[in-house]
Amino acid sequence: MAAYIGIDPGKTGAVAIIFNNQEKPIFADYGRGDELNILALALHSDYGNCFACLEKVSSMPKQGVSSTFKFGENFGWWQGVLTALKIPFVFVSPTRWQKVIFDSMPRQADRKAMSLDMARRLFPELRDHLKRKRDHGRADALLIAEYCRRMMQRGEL
């Protein structure tokens with residue numbers, strides 16, 4: 001069995017894990033203290049075979065210095081945690097994972113709404129956790145984990 005981990009390292013980001021045996025995916029919002037518990041569950045269960053995709057982020061135009069620094073701090077925190085837990089990982093750009101996940105979906109101007117729509121379709125059992133616009137970090141983490149699963153099964157990671 002395997003566990004595929006997706007991480008959106010943003011301020012409103014999250015970590016999500018998809019298990020290979022069709023068990024219900026799990027997630028934790030960033031900054032609430034559950035992130036490490038979620039990763040420990042994946043490591044110390046029957047899912048010892050873990051692999052993670054960490055969204056490679058960068059500063060955006062018109063983003064303030066303070067928020068850019070915080071964004072980078074979160075990104076570094078995730079790298080450190082994955083390294084310390086010896087979970088193998090790769091960086092994936094938003095355009096790369098979105099191209100794979102959204103390939104057949106009609107484009108929408110609002111990318112956050114698009115992520116929520118796709119996550120609700122792929123993970124209907126989590127629909128109640130993806131109701132609000134601010135749940136887009138959860139949606140992105142789930143979709144990054146799904147990208148990770150697909151690419152690993154294709155042998156492309």
Inset, instruction - State whether Lys133 and Asp110 are salt-bridged, where the test is any N-O pair (Lys NZ or Arg NE/NH1/NH2 against Asp/Glu carboxylate O) under 4.0 Å. - result: yes
Legend entry - Leu143 side chain near Phe102 side chain, heavy-atom distance below 4.5 Å: yes
Legend entry - Side chain proximity check, Cys148 to Ile5, heavy atoms < 4.5 angstrom: no
Inset, instruction - Show the numbers, then the answer: is there a side chain to side chain contact (heavy atoms under 4.5 Å, CB included) between Thr83 and Phe89? - result: CA-CA 8 Å; Thr83 300; Phe89 68 97; 3.7 Å; yes
Legend entry - Spacing of Arg120 atom CZ and Leu126 atom CG [to the nearest 0.5 Å]: 11.5 Å
Legend entry - Heavy-atom closest pair, residues Ile87 and Ala52: CG2-CB, 4.1 Å
Inset, instruction - Mind jotting down which residue pairs meet the side chain to side chain donor-acceptor pair (under 3.5 Å) criterion with at least one end in residues 89-98? Sequence neighbours excluded, please. - result: Glu55-Trp97, Ser93-Thr95, Arg96-Tyr147
Legend entry - Aromatic plane relationship, Tyr30 with Trp78 - under 30° parallel, 30 to 60° tilted, over 60° perpendicular: tilted
Legend entry - All salt bridge (Lys or Arg N to Asp or Glu O under 4.0 Å) counterparts of Arg121, not counting sequence neighbours: none
Inset, instruction - Kindly assign one of parallel, tilted or perpendicular to the pair Phe27 and His129, based on the angle between their ring planes and the thresholds 30° and 60°. - result: perpendicular
Legend entry - Side-chain heavy-atom pair Ile101, Arg150 within 4.5 angstrom cut-off: yes
Inset, instruction - Could you check Met114 against Asp117 for side chain to side chain contact (heavy atoms under 4.5 Å, CB included), going step by step and ending with a plain yes or no? - result: CA-CA 5 Å; Met114 200 169 161; Asp117 289 346; 5.7 Å; no
Inset, instruction - Mind checking the CG-CE spacing from Asn20 to Met152? Nearest 0.5 Å is all I need. - result: 10.0 Å
Legend entry - Side chain proximity check, Val92 to Met151, heavy atoms < 4.5 angstrom: no
Legend entry - Within 6.0 Å of CZ in Arg111, more than 12 heavy atoms from elsewhere: yes
Legend entry - Val15 side chain near Arg138 side chain, heavy-atom distance below 4.5 Å: no
Legend entry - Residues which pass side-chain contact (heavy atoms from CB on, under 4.5 Å) with Ala139, listed by chain and number, not counting sequence neighbours: Ser115, Leu116, Ala119, Leu130
Legend entry - Phe75 side chain reached by Leu54 side chain, heavy atoms, under 4.5 Å: yes
Inset, instruction - Taking all heavy atoms of Ala14 and all of Gly137, pick out the closest pair and write down the distance. - result: CB-O, 3.7 Å
Inset, instruction - Apply side chain to side chain contact (heavy atoms under 4.5 Å, CB included) to the pair Glu146 and Val100, showing each step before the final yes or no. - result: CA-CA 10 Å; Glu146 175 62 15; Val100 170; over 6 Å; no
Legend entry - Residue list, ring pair (Phe, Tyr, Trp, His ring centres under 6.0 Å) with Tyr4, at least two apart or on another chain: none
Inset, instruction - Go through the steps to decide whether Leu85 and Cys50 satisfy the test side chain to side chain contact (heavy atoms under 4.5 Å, CB included), and finish with yes or no. - result: CA-CA 11 Å; Leu85 294 175; Cys50 299; over 6 Å; no
Legend entry - Pro25 side chain reached by Ile17 side chain, heavy atoms, under 4.5 Å: no
Legend entry - Residues which pass ring pair (Phe, Tyr, Trp, His ring centres under 6.0 Å) with Phe123, listed by chain and number, not counting sequence neighbours: none
Legend entry - Main-chain N/O of Lys131 paired to Asp135 side chain as donor or acceptor, under 3.5 Å: yes
Inset, instruction - Answer whether the closest heavy-atom distance between the side chains of Leu122 and Met118 falls below 4.5 Å. - result: yes
Legend entry - Residues forming a side-chain contact (heavy atoms from CB on, under 4.5 Å) with Lys86, sequence neighbours excluded: none
